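Quick notes on the structure that follows.
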Amino acid sequence: MARYPFRETEAKWQRLWEEEGCFHADRDPDRPKYYVLEMFPYPSGRIHMGHVRNYTVGDVVARLKRRQGYNVLHPMGWDAFGLPAENAALEQGVHPKSWTYRNIAEMREQIRAIGCSLDWRREFATCDPAYYRHEQEMFLDFLERGLAYRKEGWVNWDPVEQTVLANEQVIDGRGWRSGAPVERRKLPMWYFRITRYAEELLAGLERLERWPEKVKLMQRNWIGRSEGARVVFPVEGRSAALEVFTTRPDTLWGASFLAVAPDHPFSEELAREDPAARAFIRECLRTAASEEAIEKAEKKGYHTGLYARHPLAGEGAPERLPIYIANFVLMDYGTGAIFGCPAHDQRDLEFARAYGLPVRPVVLPPGADEAGFTIGEEAWLGDGTLFRSGFLNGLPVAEAKRRVIAWLEAHGAGRAEVTYRLRDWGVSRQRYWGCPIPVIHCPDCGVVPVPRDQLPVTLPEDVDFSQPGNPLDRHPTWKFVDCPRCGGPAQRETDTFDTFVESSWYFARFASPWREDRSFEGEDVGYWLPVDQYVGGIEHAVLHLLYARFFTRALRDCGYLQCDEPFAGLFTQGMITHRTYRDPEGRWIEPGEVRRAEDGRLVTLDGRPVVVGRVEKMSKSKKNTVDPTTIIQQYGADTARLFMLSDSPPERDLEWTDAGVEGAYRYLNRLWRLVEERLPELPPPGAGLTEPVGPEERALKRRIHQTIQRVSEELERFHFNKAVALLRELSNAIEAFRTTTPSGRGLVREALEALVSLFEPMIPHLAEELWQRLGHGEPLARTPWPKADPAWLAEDTVRIVVQVNGRRRAEIELPAPAGEEEVRVRALSEPGVVRHLQGREPRRLVYVPGRLLNIVL
RNA sequence: GGCCCCUUGGCGGAACCGGUAGACGCAGCGGACUUAAAAUCCGCUCGGGCGCCUGCCCGGUCCGGGUUCGAGUCCCGGAGGGGCCA
């Protein structure tokens, strides 16, 4: 029997879809729209299996929705700015632009080979001035509205990438891409005021019903809302007071010191007069800025010799508190100053023990007694009752917080305050291959925005990568311009945007990508946005996905868009993993360099023993990758797609195995043969519905319609593995069904058509081919999704399990619907049941209609 | 350290609201076809026992306890693994 000729078939259908424009989407107010988007790729040069899984999942949704009658927008583009292009320039002497466009050309063909239902007319690359000019305009709008600003501050510096990183891009104290430990540097840079939207971004999560809880939780934690109070501590002998943020104002009576951040203005002022303070501050700032690093570092402080008056001194709190400069206080969280309450904060406790400060418990844990309660190695962080705390005595923590805040507000000594852990998004990067920030620095006028009629500010092409640092800054002419305001000599900003800026609005650009004068066509974005189903990796949970939510709101407030949320539904697919292998010397080796020896053990191609390692995420460094292009050439795109969808639920990690791919390939051939073998006996297409005769035919008819129903539901819920299992069951049933009657042959046609049609979103090429062979002129891509006939969803008999004391003893089959009385009579006469009753009288009968009867003795 | 999630055959996984645990596959074993192999097809496949081909019984969803007529599913405690924030 011939094999399925996948090469010809896949090429044929891809050509046909393209020629017919099957996947072109245009605004049509009369039809409901559905926008499916997968996170667009960085053009690194080759696609990897993660891309294939991502696009396959998105394509199943797009094809399903299209056939359900939606006007489906499913575009593809390129996240084309970024550092790897500059590294390539450095290593290979190729210009970042040509490297990028060459990669795009290659990857476009690789992605096309997967056979996704994409509207390629809308493709764009973010490195195109036609794209980034709009980003520059958005920035100018942000600038006017105070959503973008420039400030000098301590930043995370990636020594490998030679650029600044945002907080979200520092993972475990290291650059998210380079993996190098980040350093602290003080630099002027541009920020987006994401903190203005902290509350809205947090509240908006509640309405994102089709987002994974896990992602929402991560964003919630990242935004990190905390309620507390700002408390004013006058400093003795100084006119200025220190303002402190605390989430535990209830513990004010337990205060034993104040601590300020090393880069707090108060510290900087002291440093001017006190060389020891200056030295201490310098020491602190040398260590990394991350919260994690600070948490792990030894708690160190410098006693300034100054004291603060406790605002509650008159209410029995300690009179005066020593002021320290401390390495564990962060300038950009709260007010950059804290009061230390060692009894009820672990960091404060460690600090107090190191510097001999008093530890005064003021919250009594439930069940403890006032006289005997002391703090040992662990601060008490839990709830309890206030004591030794003046007018708070006897109150629980929550109530004490309210009371003390009311007192502070009444006495002008503080107020309730909400703070967030979220920091403003630093977007300056000292790189060439990014969108230029459209401002000019004038010695007289300061920062001057580039006039809108001079946009876009384009990158110069003649750049020199032979030296480290930012080539834009070194360029002989590019940055030297006249000030647009005074006409005097001035300089362009040489920082470019973080590449996460481009990906923060690309989904909206797909609505009207050909528009030159404006970023978006109002009617287009109004029609297409928000994205109905976004698909991508979970690694962007707090990076891209948070930035895009912010950007959408900022664009809304600047009048670009009407919607708040960019992505109404989000699906995060799991990673692709693969077994790792090493040679006897311990070097990683590729799966292709491993073979099975005659004795069954794994050896290298030259016969040396292989050390089998763990199953890990596919990565170049571990050499456990499989190239999708090779797989597609060897087995076809449908095989890769089916394997991706078959066994593991898409949100979980998927282990790539040769056996799994072979299995998918074998099934496609079996499906091909199944149709080919039955074709001669089938009635012509469109002969109308078949009325089944006899129990076997009725059973097949029911299975067809139950499969239509259930596959539709499972695809809708992203349970692709279950949809595949159901379809394999249907195809097993067709194989087992032998017939010679006209009605039987009609049923086989109905079954095969349902099978092929339902499989189309997952294995579109083979499905189209078989659909055509079944005699249809219109491609499946344009054929409506099948509908189950409700009359055939119900079984005409019911099987009821009979239990005695919760243990299965018999199964009875009755015509549907079966009444309880009927079931009871039949059940009690079943031999298996009688045997276990042993003549005893049932105490109770529990009947679950249509399912089960439990006889309780 | 805090919060969250997960744990089902040799493996991936299924089991809807608490109602027949192991669907569908992978791997394995046995058989058919073939000179042979590949491909394909048929059968078996959680463990133990009985029965001796029709089946029947016991145990079994990480461990311990609880709720319930009935728990993989709910509750409490523990172990192991993962994620996020520290």
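Chain identifiers are assigned alphabetically (A, B, ...) following the order of the sequence lines, protein sequences preceding nucleic acid strands; residue numbering begins at 1 within each chain. The model shown is predicted, which means the values in this text are computed figures rather than measured ones.
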Look at all strands and tell whether [X] reaches a base, only sugar-phosphate, or nothing, counting heavy atoms closer than 4.0 Å.
| X | value |
| --- | --- |
| A/R220 | nothing |
| A/R728 | sugar-phosphate |
| A/R799 | nothing |
| A/N732 | sugar-phosphate |
| A/V801 | base |
| A/S646 | nothing |
| A/E729 | sugar-phosphate |
| A/Q803 | base |

Modelled atom types, side-chain donor and acceptor of A/N805 and A/R843, under 3.5 Å: no

Can a side-chain donor-acceptor contact be found between A/T580 and A/N624 if the only test is distance below 3.5 angstrom? no

Short side-chain N/O contact to [N] OP1/OP2 from [X], under 4.0 Å:
| X | N | value |
| --- | --- | --- |
| A/N721 | B/rA23 | no |
| A/R851 | B/rG19 | no |
| A/R807 | B/rG59 | yes |
| A/K722 | B/rC16 | no |

Can [N] be described as syn, meaning its chi torsion is within 90° of 0, or is it anti?
| N | result |
| --- | --- |
| B/rG9 | syn |
| B/rC53 | syn |
| B/rC75 | anti |

Taking the side chain as every heavy atom from C-beta outward, state whether [X] and [Y] have any atom pair closer than 4.5 Å.
| X | Y | value |
| --- | --- | --- |
| A/L645 | A/I763 | no |
| A/M618 | A/H48 | no |
| A/H578 | A/M49 | no |
| A/L217 | A/N221 | yes |
| A/R53 | A/W656 | no |
| A/K216 | A/E213 | yes |

Nearest-angstrom distance, [atom1] atom, [N] to [M]:
| N | M | atom1 | result |
| --- | --- | --- | --- |
| B/rA39 | B/rG18 | P | 46 Å |
| B/rU73 | B/rU61 | P | 9 Å |
| B/rU40 | B/rU45 | P | 22 Å |
| B/rC62 | B/rC3 | P | 24 Å |
| B/rA27 | B/rC11 | C1' | 7 Å |
| B/rC26 | B/rA79 | C1' | 30 Å |
| B/rG72 | B/rG13 | C1' | 14 Å |
| B/rG12 | B/rA23 | C1' | 13 Å |

Could you tell me how far apart [X] ([atom1]) and [N] ([atom2]) are, to the nearest whole angstrom?
| X | N | atom1 | atom2 | value |
| --- | --- | --- | --- | --- |
| A/L755 | B/rC24 | CG | C1' | 14 Å |
| A/R579 | B/rG12 | CZ | C1' | 13 Å |
| A/L727 | B/rA14 | CG | P | 16 Å |
| A/D658 | B/rG25 | CG | P | 21 Å |
| A/I538 | B/rC6 | CD1 | P | 13 Å |
| A/R225 | B/rC85 | CZ | C1' | 18 Å |
| A/M644 | B/rG12 | CE | C1' | 15 Å |
| A/E830 | B/rU54 | CD | P | 19 Å |

[X] side chain, from C-beta outward: closest of [options]:
| X | options | answer |
| --- | --- | --- |
| A/N854 | B/rC4, B/rC85, B/rC69 | B/rC69 |
| A/P649 | B/rC85, B/rG19, B/rG13 | B/rG13 |
| A/A725 | B/rG19, B/rA23, B/rG13 | B/rA23 |
| A/V542 | B/rG13, B/rC85, B/rG25 | B/rC85 |

Test side-chain hydrogen bond (donor to acceptor under 3.5 Å, both in side chains) on A/S646 and A/Y667; report intermediate values, then the result. CA-CA 11 Å; A/S646 288; A/Y667 179 72; over 6 Å; no

So A/D348 and A/I338, side chain to side chain contact (heavy atoms under 4.5 Å, CB included) or not? Walk me through it. CA-CA 10 Å; A/D348 297 352; A/I338 62 152; 3.8 Å; yes

Which protein N or O atoms sit under 3.5 Å from an N or O of nucleotides 39-50 of chain B?
unit_1, atom_1, unit_2, atom_2, d
B/rU40, O3', A/R673, NH2, 3.3

Select from A/R809 and A/R843 the residue whose nearest nucleotide in RNA chain B is closer to the 5' end of that strand. A/R809

Closest-nucleotide mapping onto RNA chain B: is A/E662 or A/R717 further toward the 5' terminus? I mean the 5' end. A/R717

Identify which one of A/T251, A/T246, A/D250 satisfies the side-chain hydrogen bond (donor to acceptor under 3.5 Å, both in side chains) criterion when paired with A/R248. A/D250

Checking ring pair (Phe, Tyr, Trp, His ring centres under 6.0 Å) for the pair A/H544/A/Y534: CA distance, chi angles, key distance, verdict? CA-CA 12 Å; A/H544 161 60; A/Y534 200 33; 5.8 Å; yes

Here RNA chain B, pairs taken as Watson-Crick or G-U under 3.5 Å and shown with ( ), [ ] when crossing and | when to another strand, reads (((((((..(((......[....))).(((((.......))))).(((((....)))))..(((((..]....)))))))))))).

Ignoring hydrogens and angles, does a donor from either the side chain of A/N221 or the base of B/rC85 sit under 3.5 Å from an acceptor on the other? no

Picking from A/Y4, A/F759, A/F6, what satisfies ring pair (Phe, Tyr, Trp, His ring centres under 6.0 Å) with A/W672? A/Y4

